[in-house]
Amino acid sequence: MSRVRFIGPEPVTVPELGDRLVQPDEVIEVPDARHEGYVCQPTNWESVEEPGAKAAAAKKTAAKPPQKED
């Protein structure tokens, strides 16, 4: 899932999210495949977390076991 922020001036109903009412400045999660459908409307939506960002962050922060020094 990716995240987008609604930056419009008034609450909006989003049919794709089960007619959920989204408030101005509210951050919502959307499927990665639909992220572009929101951010292509820059007067209403802005990206907060790109698709796949969580997976990339988890992969980056995966710790390696400590190595013994001889």
Side-chain angles (χ1 to χ4, degrees):
M1 297 290 269
S2 60
R3 297 180 346 150
V4 293
R5 175 179 284 116
F6 178 59
I7 57 174
E10 297 179 14
V12 64
T13 300
V14 181
E16 182 174 69
L17 302 176
D19 289 330
R20 179 176 168 189
L21 185 64
V22 178
Q23 301 293 327
D25 202 39
E26 184 177 350
V27 175
I28 61 170
E29 285 192 344
V30 297
D32 286 352
R34 293 292 302 135
H35 183 85
E36 187 59 35
Y38 288 86
V39 297
C40 74
Q41 304 171 60
T43 58
N44 293 319
W45 300 95
E46 69 180 7
S47 180
V48 172
E49 187 174 284
E50 296 288 324
K54 286 182 185 175
K59 190 174 184 179
K60 237 183 203 183
T61 59
K64 292 183 181 179
Q67 295 181 358
K68 279 189 167 181
E69 290 186 29
D70 292 336

(message) Once rounded to the nearest 0.5 Å, what's the spacing between atom CD of Glu36 and atom CD of Gln41?
(response) 10.0 Å

(message) Using the rule that Ile, Leu, Val, Met, Phe, Trp and Tyr join whenever any side-chain heavy atoms are under 4.5 Å apart, tell me whether Val12 and Leu17 fall into a single cluster.
(response) yes

(request) Might you point out which heavy atoms bring Val39 and Glu46 nearest each other, and give the distance in Å? (result) CG1-C, 4.1 Å

(message) With rounding to the nearest 0.5 angstrom, report the CD to CZ distance, Glu50 to Arg3.
(response) 12.0 Å

(message) Quick check for you: to the nearest 0.5 Å, what is the distance between Asn44 atom CG and Ile7 atom CD1?
(response) 7.0 Å

(request) For the pair Phe6 and Trp45, name the ring-plane relationship: parallel under 30°, tilted 30 to 60°, perpendicular over 60°. (result) tilted

(request) Nearest 0.5 Å please: distance from the CD atom of Glu49 over to the CZ atom of Arg5. (result) 12.0 Å

(message) If I compare all heavy atoms of Pro9 with all of Pro24, which pair ends up nearest, and what's the gap?
(response) O-CG, 3.6 Å

(request) Compare every heavy atom of Ser2 with every heavy atom of Pro31, then report the nearest pair and how far apart it is. (result) O-OG, 4.0 Å

(message) Between Val4 and Val48, is there a side-chain heavy-atom distance shorter than 4.5 Å?
(response) no

(message) I need the Met1 CE to Asp32 CG distance, nearest 0.5 Å.
(response) 8.0 Å

